[in-house]
Asker: 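Please read through the structure below; I'll follow up with questions.
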Amino acid sequence: MEFTNHLQPTEEEPDEEAAGQRRRLPRLGLTSRILLALVLGLAVGVVFHYLVPAGPVRDEVFVGGIFYLLGQGFIRLMQMLVVPLVFCSIVCGAAAIDTKTLGSVGLKTLGLYLLTTAVAITLALGVGNLINPGEGVDMSSLGATAASDAAPLDEAAGTNVADTLLSIIPKNPIASLANGDMLPLIFFALFTGIVLARLGRRVETVHSFFVQFNDIMMEMTSLVMKVAPLGVFCLLARTFANVGFEAFLPMLKYMGGVLLALGLQLCVTYMVLLWLFARMSPLMFLRKFFSVAAFGFSTATSNATIPLNIETLEKKMGVDRRISSFTIPLGATINMDGTAIMQGVAVVFTAQLFGVPLGPVEYATVIATATLASIGTAGVPSVGLITLSMVFNAVGLPLEGIALIMGIDRILDMCRTAVNITGDAVVTSIVAKQAGRVDMRVFRDPDAGREVDDVRLAVHQ
Ligand code: ASP
């Protein structure tokens, strides 16, 4: 799914002169529109803050009226998608796992996917606390969209570890869905998907219902993203109208924090794992994987890189396709380390901006929820932002934090997608190597599989 595709005008312009003028106007894709909205929102907000005198027109009509209404409307649209999107995505992901394949290779892959995601989010929380992106600015006056509206983990969460763990099993899954209790919801979705896979043909109708509902949610996401520029403009205009330039530095620091944590995950975590568990040269791996990462970067869509990833692993690195054809699609669906990193830094950023204290229980909750959110994040652009609200809800953070993040998210989305798919390839290489299914002569040959770069692979979206 590429959001920009939906933005092309459809009807023909009958008037030739007007058509000519139209052709001369640059056609902006969604990314450019969001960036433009970011700059305009920032500029309008700053003008309102410093140049427009306070009064009912500024404060009630614009800042507290139009900007608030449209900005919050956009946030609510995103919130609306979370529960059905995560539920369907997990049911479909779990149902796609072939129970026969889920032998030791499957379990090891799942274990490594979860481990790398947990490391990623811990790294992100560490970097966040080191950089302190949201410190020094008080945004609590902005009036938080109470994350407390949404139920936190459970009433029992935070009392003790046993109760927190128990609260993952829903007493009533329908109530968990209705309340948006994410962990029980994910548990139930995984269970449903696994049982769907076990029953196979007998439940074909229900299976295709979930697959189709998943498609519907993807399309809804793409439609909601069409109004993202307006939402971003209003959210930023309101933020900057209230706090002026003070809000600018935190945004840059947040971006730097995410990029730093992504870089560490890519160059340290993955490469150490690759060397330790597979004895494969990190440099050779990076060199051969570069084109796949670049493809992921430019499309911001993990799903689209599946064919190229499998092909590259096989032809350039000697990884047996029988392993990668299972682990790569699975990873593109459930293993989103880069997304988890963005979410970790975003949590620290927002908590500091709004003065919400986070203790060890909250950090543990963030690690668990972001790991699960990564499972529920579909491999298409921007979904990480939507599942971010579920992480915020789990620790009671205000959703306004997403406003600042959203404006610069597309570029970070591109970077985190490159990391997401590198994680899938690293885990696949480790699992394949340990199963004796990597041809090391191919891996060591610098020229192996050159033709892969020339092949134009179909983009699955
Ligand atoms: N764009 C990411 C991916 O495809 C998902 C996200 O974080 O929004 O992997």
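Whatever order the structure lists them in is the order used to number ligands and atoms, beginning at 1. All values derive from a computational prediction rather than experimental measurement.
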Asker: Please tabulate protein-ligand N/O pairs under 3.5 Å for ligand 1, atom names and distances to 0.1 Å.
Answerer:
unit_1   : atom_1 : unit_2 : atom_2 : d
ligand 1 : 1 (N)  : Ala300 : O      : 3.0
ligand 1 : 1 (N)  : Val380 : O      : 3.1
ligand 1 : 1 (N)  : Asp413 : OD1    : 2.7
ligand 1 : 1 (N)  : Thr417 : OG1    : 3.1
ligand 1 : 4 (O)  : Ser302 : N      : 2.9
ligand 1 : 4 (O)  : Ser302 : OG     : 3.4
ligand 1 : 4 (O)  : Gly379 : O      : 3.4
ligand 1 : 4 (O)  : Val380 : N      : 3.4
ligand 1 : 7 (O)  : Thr339 : OG1    : 2.7
ligand 1 : 7 (O)  : Arg416 : NE     : 2.6
ligand 1 : 7 (O)  : Arg416 : NH2    : 3.4
ligand 1 : 8 (O)  : Ser382 : N      : 3.4
ligand 1 : 8 (O)  : Val383 : N      : 3.1
ligand 1 : 8 (O)  : Gly384 : N      : 2.7
ligand 1 : 8 (O)  : Arg416 : NH2    : 3.2
ligand 1 : 9 (O)  : Ser302 : OG     : 2.6
ligand 1 : 9 (O)  : Asn420 : ND2    : 2.8

Asker: Tell me, please, which residues at least two apart from Phe285 pass ring pair (Phe, Tyr, Trp, His ring centres under 6.0 Å).
Answerer: Phe289

Asker: If I compare all heavy atoms of Pro282 with all of Met271, which pair ends up nearest, and what's the gap?
Answerer: CB-SD, 3.4 Å

Asker: Please determine whether the number of non-hydrogen atoms from other residues, nucleotides or ligands lying under 6.0 Å from atom CZ of Phe191 exceeds 12.
Answerer: no

Asker: Under a 4.0 Å N-O cut-off, is there an ion pair linking Lys253 with Glu135?
Answerer: no

Asker: Are the side chain of Ser374 and the backbone N or O of Ile334 linked by a donor-acceptor pair below 3.5 Å?
Answerer: yes

Asker: Quick one: do Asp409 and Arg416 make a salt bridge, cutoff under 4.0 Å?
Answerer: yes

